[in-house]
Amino acid sequence: MSAPPTKFAVLLFPGFQALDVFGPLDVLNMLSRGRPFEFSVIAASRGPVPTRGLGSKQSIGQQIVATHTLQDAPEDIQVLLVPGGMGTRDTEARQPEIDFIRDRFPRLRFLLTVCTGAALAARAGVLDGRRATTNKASFDWVTTNGRKVEWVRQARWVSDGNVWTSSGVSAGIDMMYGFVAAEFGEETAAAVAWDSEYERNTDPSNDPFSGR
């Protein structure tokens with residue numbers, strides 16, 4: 001069995017959903033204690049990337065500063081996290097990110113998507129022939145982006161080979177704990193959840209929102 005991954009990155013764009021990113025990354029932050037992890041924030045350009053996209057109706061938002069661009073992102077990324085959010089709806093504007101996913105996927109050990117981030121992965125073609133899930137409120141729209149994907153409605157998250165996809169927003173946290181359990185061991189995942197005072201959903205098929 002290969003050693004657990006140590007080189008992580010998140011792919012951001014204007015209008016990303018905050019919890020899609022901050023939830024899984026906080027799990028990763030706590031997991032990194034005593035472990036020599038590397039982490040990159042990738043976006044179309046360096047500088048702040050806002051959660052509020054163009055035309056957003058939100059009155060507040062936050063920003064994350066990108067450490068790398070799509071052109072100079074590290075070549076040795078092992079795990080790429082792709083969030084969702086309203087920014088995924090602008091498929092024309094997201095084409096550079098879609099191209100990046102398509103180009104990097106063969107070199108990744110794992111691809112993780114949260115919420116409508118699955119739409120970007122689907123448009124990149126990397127979900128073709130795989131089982132995947134996404135935000136249930138946006139399920140009908142996301143699935144139009146990948147006709148060759150086996151979309152699973154009744155799922156909190158789905159793992160198929162080296163691809164992990166989750167349902168909406170908070171589901172990304174449960175997916176990340178599932179990923180940690182698979183790669184670093186159940187005891188490690190349970191310990192991080194305990195320190196976070198987080199009650200995990202450990203059953204990927206337990207999806208209370210699939211009836212939307």
Side-chain angles (χ1 to χ4, degrees), residues 8-25 27-28 42-44 49 51 53 70 77 79-106 108-179 182 201 203-212:
F8 300 81
V10 62
L11 179 62
L12 297 186
F13 45 83
F16 72 89
Q17 184 72 30
L19 193 60
D20 287 12
V21 174
F22 293 118
L25 290 193
V27 176
L28 189 61
I42 302 167
V49 185
T51 58
L70 300 173
I77 296 168
V79 182
L80 179 64
L81 175 69
V82 180
M86 293 306 296
T88 61
R89 300 278 182 164
D90 190 344
T91 53
E92 182 175 350
R94 294 288 73 78
Q95 192 59 49
E97 290 84 2
I98 293 168
D99 293 340
F100 180 84
I101 295 169
R102 181 185 299 113
D103 176 68
R104 287 304 186 96
F105 182 73
L108 297 175
R109 283 184 59 184
F110 299 98
L111 174 67
L112 281 58
T113 73
V114 182
C115 194
T116 57
L120 303 184
R123 292 182 71 86
V126 302
L127 300 185
D128 287 356
R130 297 178 183 267
R131 298 172 68 251
T133 196
T134 188
N135 185 307
K136 299 315 181 304
S138 301
F139 196 86
D140 292 342
W141 171 73
V142 173
T143 56
T144 65
N145 291 273
R147 301 295 188 183
K148 298 179 180 179
V149 182
E150 184 181 343
W151 295 104
V152 183
R153 185 180 290 272
Q154 180 68 41
R156 184 71 170 163
W157 76 90
V158 170
S159 61
D160 189 332
N162 66 336
V163 176
W164 293 63
T165 56
S166 83
S167 186
V169 194
S170 65
I173 303 174
D174 288 325
M175 177 191 70
M176 182 58 84
Y177 275 116
F179 176 77
N201 178 351
D203 180 359
S205 66
N206 180 8
D207 180 12
F209 302 98
S210 61
R212 283 181 169 182

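Everything numeric here is computed off the predicted structure, so don't read it as measured data. Values reported hereafter were calculated over all heavy atoms of this structure, with side chains retained and with hydrogens, waters and symmetry mates removed.
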Side chains of [X] and [Y]: does their closest heavy-atom pair fall under 4.5 Å?
X    : Y    : answer
P24  : L81  : yes
L11  : L70  : yes
V142 : W151 : yes
K136 : S167 : yes
V149 : T143 : no

Could you state the interatomic distance from CH2 (W157) to CG (D207), rounded to the nearest 0.5 Å?
10.5 Å
Side chain to side chain donor-acceptor pair (under 3.5 Å) against [X], all qualifying residues, sequence neighbours excluded:
X    : value
R109 : S2
D128 : none
R104 : none

Can you pull the side chain to side chain donor-acceptor pair (under 3.5 Å) pairs that have at least one residue in residues 90-100, sequence neighbours excluded?
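Found R94-E97, Q95-D99, D99-R102.
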Would a distance-only check, ignoring hydrogens and angles, find a side-chain to backbone donor-acceptor pair under 3.5 Å from [X] to [Y]?
X    : Y    : answer
S159 : W164 : no
Q154 : S205 : yes
T134 : C115 : yes

Which residues share a side chain to side chain contact (heavy atoms under 4.5 Å, CB included) with V152, sequence neighbours left out:
R131, A155, V158
Criterion side-chain contact (heavy atoms from CB on, under 4.5 Å) against L111, the qualifying member of N162, T165, V82:
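Running side-chain contact (heavy atoms from CB on, under 4.5 Å) over N162, T165, V82 with L111 returns exactly one hit, V82.
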What pairs meet the ring-ring contact (aromatic ring centres under 6.0 Å, His included) rule with one or both residues in residues 109-144, with sequence neighbours excluded?
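Sorted pair list: F110-F179.
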List the residues meeting ring-ring contact (aromatic ring centres under 6.0 Å, His included) with [X], not counting sequence neighbours, and say none if there are none.
X    : answer
F13  : none
F100 : none
F105 : none

What heavy-atom pair brings [X] and [Y] nearest, and what distance separates the two atoms?
X    : Y    : answer
I101 : A124 : CG2-CB, 3.9 Å
T51  : A18  : CG2-CB, 4.1 Å
G84  : D20  : N-OD2, 2.8 Å

Passes side chain to side chain contact (heavy atoms under 4.5 Å, CB included), T113 versus L120? Steps please.
CA-CA 9 Å; T113 73; L120 303 184; over 6 Å; no
Side-chain donor/acceptor pairs under 3.5 Å, residues 171-178, sequence neighbours excluded:
residue, atom, partner, partner atom, Å
D174, OD1, Y198, OH, 2.9
D174, OD1, N201, N, 3.1
D174, OD2, R156, NE, 2.9
D174, OD2, R156, NH2, 3.2
Y177, OH, S196, OG, 3.4

Any side-chain donor near an acceptor of the partner, R89 and S138, under 3.5 Å
yes
What residues form a salt bridge (charged side-chain N to carboxylate O under 4.0 Å, His left out) with D203, not counting sequence neighbours?
none
Residue pairs, two or more places apart or on separate chains, that pass salt bridge (Lys or Arg N to Asp or Glu O under 4.0 Å) and touch residues 143-152:
none
